[in-house]
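For reference, the structure discussed in these notes is given below.
Atoms within each ligand, like the ligands themselves, are counted from 1 in listed order. Side chains included, hydrogens not; waters and symmetry mates left out as well; all remaining heavy atoms used.
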Amino acid sequence: MSSSYDYLFKIVVLGEGAVGKTAIVTRFSHGFFRTDYKTTIGSQFAVKNVAINRHGEEDLTVKLQIWDVAGQSRFQILRPMYYRGSSGGILVFDVTRRRTFIVLEEWLDELFKAINKKIPIILVANKTDLPDRVVEPSEGREFADRHGMPYLESSAKTGEGVVDIFQSLGEDLVKTREKSTY
Ligand code: G3D
Ligand code: MG
């Protein structure tokens, strides 16, 4: 049955304005890349299932409610409200703009302040299709290692790596949930 699922998780997508949060969510949930959408107003969410394989057992259906949170500072007051109740996060930066990498720590602080606990987060280096890359993979990996999170690269434009982000987070969320239940 397509409407049934084993787990439902709210996840939030974080990062500076224009790093590609909306593009990643759109690419994943609708399978296309749009260049004409408006700057995200406040927040919006998409819902999509991923199939998670537990070795030897039947796949689990995990429903992800993906909150695309507006990165602009004028929405800062609203964001904690959107973070509440989230089980996981996707922290995005743009490999062509170093500033978006430098402020990653601030995004993590804002999230943890709002939810008061550690949750699985994936670090995503987006826009790898562009030729003017300035943040190297080694730098992204180092930040991710230091914070105990996986590091993935994506291009919302070509679609490369996008599904992996949600698949990987889905797996981490199931592991975390099943550890806390038993
Ligand atoms: P945001 O939701 O994080 O604010 P958006 O970012 O998803 O709105 O994307 C900001 C701009 O970056 C958009 O360009 C979008 O098309 C572009 N973009 C997003 N992801 C990628 C990517 O992987 N590769 C490339 N080349 N561009 C990307 P515009 O020009 O529409 O503002
Ligand atoms: Mg957006």
*asked:* Between Asn49 and Thr61, is there a side-chain donor-acceptor contact under 3.5 Å, judged purely by atom types and distance?
replied: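 Side-chain D/A pair, Thr61 to Asn49: absent.
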*Winner among Asp129, Asp94, Thr22, Val162 once heavy atoms are compared against atom 24 (N) of ligand 1*: Asp129
*Nearest-option assignment for atom 11 (C) of ligand 1, heavy atoms, candidates Glu16, Lys127, Lys21*: Lys127
*asked:* Can you tell me if Gly15 contacts ligand 1 (heavy atom of the residue under 4.0 Å from the ligand)?
replied: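 Checking ligand 1 against Gly15, which is what was asked, there is no heavy-atom contact under 4.0 Å.
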*Any nitrogen or oxygen of Asp68, main chain or side chain, under 3.5 Å from a nitrogen or oxygen of ligand 1?*
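No, since none of the N or O atoms of Asp68 sits under 3.5 Å from an N or O of ligand 1.
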Please could you name the atoms of ligand 1 that [X] approaches to less than 4.0 Å, counting only its heavy atoms?
X      : value
Lys157 : 22 (C), 23 (O), 24 (N), 25 (C), 26 (N)
Leu130 : 26 (N)
Gly17  : 4 (O)
Ala23  : 7 (O), 19 (C), 20 (N)
Ala18  : 1 (P), 3 (O), 4 (O), 6 (O), 10 (C), 12 (O)

*Side-chain touch Leu173/Val62, heavy atoms, less than 4.5 angstrom*: no
*Give the contacting part of Thr158 toward ligand 1: side chain, backbone, both or neither, where contact means a heavy-atom distance below 4.0 Å.*
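None of Thr158 does.
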*Who are the salt bridge (charged side-chain N to carboxylate O under 4.0 Å, His left out) partners of Glu142, not counting sequence neighbours?*
Arg146
*Assess whether atom CD of Glu58 is packed by more than 12 heavy atoms of other residues, nucleotides or ligands within 6.0 Å.*
no
*Does any pair with a residue in residues 85-94 pass salt bridge (Lys or Arg N to Asp or Glu O under 4.0 Å), and if so which ones, sequence neighbours excluded?*
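Non-adjacent pairs meeting salt bridge (Lys or Arg N to Asp or Glu O under 4.0 Å): Asp94-Arg97, Asp94-Lys127.
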*Is the charged tip of Lys48 near the ring of Phe28: under 6.0 Å from the six-membered ring centre and within 45° of its axis?*
yes
*When Ile121 is tested against each of Asp172, Leu108, Val12, Ile11 for side chain to side chain contact (heavy atoms under 4.5 Å, CB included), which residue passes?*
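Output: one option passes, namely Leu108.
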